[in-house]
Amino acid sequence: MFETLKPLPPDAILGVMTMFRADPHAGKIDLSVGVYQDEQGRTPVLASVKRAEKAILEKQDSKTYVAIAGNAGFNRGVEELLYGKDHPALKAGRISTVQTPGGSGGLSIAGHLVARAKPNVKIYLSDTTWPNHQPLLKVAGMQLDTYPYYDYAKHRVDFEPMLARLTKASAGELVLIHGCCHNPCGADLSHEQWQALTKLCERRGLVPFIDIAYQGLAEGLEEDAYGVRLMAERLPEVVVVTSCSKNLGLYRERVGSASFVSANAEAAKLTAANAANVARGIYSMPPDHGAAIAAHIFSDSALRAQWAQELTDMRTRLNGLRKLLVEKLAARKTPMDFSFVAKERGLFSFLGITKEQVVRLREEFHIYMVESSRVNIAGINHGNVDRVADAIAAVLK
Ligand code: LMR
């Protein structure tokens, strides 16, 4: 039977990572996959994670199963990070959360749960979005549609057309929103835009499905949760998916969650039981190690403070690199104005160059980025920024 399977093109993002790894050039630069890199181009284990890991290994005395919904301490910690300790929906018992294998696992569980509650329901994805949203949510049983999001010419959120499109959506349909650090464009909603979108969801009966895989990497842990908190306060139902890959650097441990705000505490109990049942039917239980690390960090005030500082350092460095790249490109008097890069947030921005220019950067200059010209800002450092700017200026000539 397997001979009937069709050959596939390389993955849009991970395919570039494979090409980068295969390039023997000593000066190659990786601006592709969304993984944080430090000044030396490494992705080290956070010091807070190392300490938590050590403590866990010392005290762990069993490898028996934890639970279908994962580590309860982790789920509580995620809820506090997302909504804040005193959020009215949390106090009212309207929120339930399950630990999942990474953010992708969270999208899958949330998608399946929504499709179980409302078979074939439509979800609107932002145009453009993370390419894995489509297969994950389609397989889960949802119908996919899109709303305009990014204005490529003006390098900003295309908010009026976005609202106009969503105004035509039907009650009960879902809207996938990037909570912060939009992947791939880096252009986030302002507070006013979150407020307008919340009002629209309220008026039209739309359900937000928020993917906040990068909390803490835009403006701060609290600041980045603005939209989640607002919507969870004003709307009866919200779905929120998180990841600890980026903000805790736990990529390969696969730590994430799916969190559901329900209309009332009774509905929240039903949601929790059904989310666990969906997970049971897919992978039975999530892996423990990464979530145990995160739970330990969330509950230990010294470790939490150390982690918050490490996250602040990552964020500050990213925002500094954005400014530096803009300055370097401006100094080369490129025909394009790249000042928008400094205003965007998180790991990614679109350079806005052509596919041919992206290929030239790769083949002539050994600089790797996704074909759409999405760059991972963290791949830039003080040692390579001049080469990056020279190469971009060269392909724009
Ligand atoms: C990315 O967008 O580069 C990351 O989220 C990694 C991935 O799995 O695509």
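Hydrogens, waters and symmetry mates play no part in the numbers below; they use all other heavy atoms, side chains included. Atoms within a ligand are numbered from 1 in the order they appear, just like the ligands themselves.
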Taking side chain as C-beta onward, heavy atoms only, is S108 less than 4.5 Å from I282? yes
Using heavy atoms and a threshold below 4.0 Å, how should the contact between N183 and ligand 1 be classified: side chain, backbone, both, or neither? side chain
If you measure from the Lys or Arg side-chain nitrogens to the Asp or Glu carboxylate oxygens, is any gap between R345 and E219 under 4.0 Å? yes
Using the ring-ring contact (aromatic ring centres under 6.0 Å, His included) rule, pick out the option among Y149, W130, F350 that qualifies with H182. Y149
What residue and heavy atom of the protein are closest to atom 9 (O) of ligand 1, and at what distance? W130 NE1, 3.0 Å
Say whether G34, considering both its backbone and side-chain N or O atoms, lies within less than 3.5 Å of an N or O atom on ligand 1. yes
Counting each atom of ligand 1 from 1 as listed, which ones have a heavy atom of Y214 under 4.0 Å away? 5 (O)
Heavy atom of Y251, distance to ligand 1 below 4.0 Å: no
Do V358 and L347 belong together in a cluster built from hydrophobic side chains that touch within less than 4.5 Å? yes
R204 and E173 ion-paired at < 4.0 Å: no
Specify the closest pair of heavy atoms between G106 and A258, including all atoms of both residues, with the distance to one decimal. O-CB, 3.7 Å
If you measure every N/O of S32 against every N/O of ligand 1, is any gap under 3.5 Å? no
With backbone taken as N, CA, C and O and side chain as the heavy atoms from C-beta onward, which portion of I13 lies under 4.0 Å from ligand 1: side chain, backbone, both, or neither? side chain
With L125 as reference, evaluate V175, L176, I177 under the side chain to side chain contact (heavy atoms under 4.5 Å, CB included) test and give the passing residue. L176
Can you find a non-hydrogen atom of R374 under 4.0 Å from ligand 1? yes
Would you mind checking which non-hydrogen protein atom is closest to atom 4 (C) of ligand 1, with the distance to 0.1 Å? K246 NZ, 3.2 Å
Measuring from non-hydrogen atoms of N132 to any atom of ligand 1, is the shortest distance under 4.0 Å? no
Does this structure show an ion pair linking D300 with R51, if we count only N-O contacts that are shorter than 4.0 Å? no
So which protein heavy atom does atom 6 (C) of ligand 1 come closest to, and at what separation? V33 CG2, 3.7 Å
